[in-house]
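Report on one structure; see the data block that follows.
FYI, the numbering just counts along the sequence from 1. Just the heavy atoms: all of them, side chains too, but no hydrogens, waters or symmetry mates, feed the values below.
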Amino acid sequence: MQNDIHPEAAVAPGYLANHAARVFNRTVDAELRTHGLTLALIGPLLLLSWKGPMLQRDLVRASAVKQPAMVALLDKLEASALIERAALSTDKRAATVRLTDAGRAAATIGHDVLLQMNAVGTTGFSAQEAALLVGLLGRLITNLEHGTP
């Protein structure tokens, strides 16, 4: 780690988790860019790959992305022919979003890159250490979400 990190931050789980997330996201994004993708774009692709066709509003609800940003992402994905949107016959304001064949291939690339970078991040960890880390991070998240001191 860097020498310019305050000593209290260097041992703070919240800081370290946030720093790890930033480094992870930066490395994943760099690898995805070699495939013409970005971390932001694979989010909706992976969600659609997992859940199948969804209403646009349900994509927003299922992700951390707000409506205006999701619309911009979906516009980019549609322009790249990775998704298709179709208005509902019962409500022209609502649209179903589905992956194209190219979108399924891009989701597979995104999935593989995420697995690869997770493997890089846990290089040298035993299976037990990796499981312990996952468990501890899960507990950290739960504690923070519930405000447990």
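The salt bridge (Lys or Arg N to Asp or Glu O under 4.0 Å) pairs that include a residue from residues 30-47 are Asp29-Arg33, where partners are two or more places apart or lie in different chains. Screening residues 100-110 for side chain to side chain donor-acceptor pair (under 3.5 Å) gives Asp101-Arg104 as the qualifying pairs, with residues at least two apart or on separate chains.
Grouping the Ile, Leu, Val, Met, Phe, Trp and Tyr side chains by contacts below 4.5 angstrom, directly or via other members, places Trp50 with Val28.
In this structure, the separation between CG on Leu46 and NE2 on His111 is 7.5 Å, given to the nearest 0.5 Å. Distance check: Leu99 CG to Leu82 CG gives 8.5 Å after rounding to the nearest 0.5 Å. Summarising the geometry, atom CG belonging to Leu45 is positioned 5.0 Å from atom CG belonging to Leu77; distances are rounded to the nearest 0.5 Å. Between atom CG of residue Leu48 and atom CD1 of residue Ile42 there is a gap of 12.5 Å, rounded to the nearest 0.5 Å. Here the NE2-CG distance, from His35 to Leu32, works out to 7.0 Å after rounding to the nearest 0.5 Å. Atom CD of Glu78 sits about 4.5 Å away from atom CZ of Arg85, to the nearest 0.5 Å.
Side-chain contact between Leu39 and Phe24: absent, with no pair of heavy atoms (C-beta onward) separated by less than 4.5 Å. Using a 4.5 Å cut-off on side-chain heavy atoms (C-beta onward), Leu59 and Leu47 make contact. For the pair Val97 and Glu84, the minimum side-chain heavy-atom distance is 4.5 Å or more. Using a 4.5 Å cut-off on side-chain heavy atoms (C-beta onward), Leu73 and Val65 make contact. For the pair Met70/Ser63, a side-chain contact is recorded, criterion being any heavy-atom separation below 4.5 Å from C-beta on.
The backbone N or O of Lys76 sits less than 3.5 Å from a side-chain atom of Ser80, completing a donor-acceptor pair. No donor-acceptor pair closer than 3.5 Å links the side chain of Asp58 to the backbone N or O of Met54. Side chain of Glu129 to main chain of Ser126: a donor-acceptor pair is present (N/O by atom type, distance under 3.5 Å, no hydrogens or angles). Side-chain atoms of Thr123 come within 3.5 Å of backbone N or O of Val120 as a donor-acceptor pair.
For the residue pair Pro53 and Thr96, the shortest heavy atom distance occurs at CB-CG2, 4.0 Å. The two residues Ala107 and Ser49 have their closest heavy-atom pair at CB-CB, 3.8 Å.
When the side chain to side chain contact (heavy atoms under 4.5 Å, CB included) test is applied to Leu140, the partners found at least two apart in sequence or on another chain are Pro13, Ala17, Leu137, Leu144. Here Asp112 pairs with nothing under the salt bridge (Lys or Arg N to Asp or Glu O under 4.0 Å) rule; sequence neighbours left out.
Residue Leu132 is found in a hydrophobic cluster whose other members, listed by chain and number, are Leu136; membership requires side-chain heavy atoms under 4.5 Å apart, directly or through intermediates. Cluster partners of Leu88, by chain and number: Leu55. The rule joins Ile, Leu, Val, Met, Phe, Trp and Tyr whenever side-chain heavy atoms lie under 4.5 Å apart.
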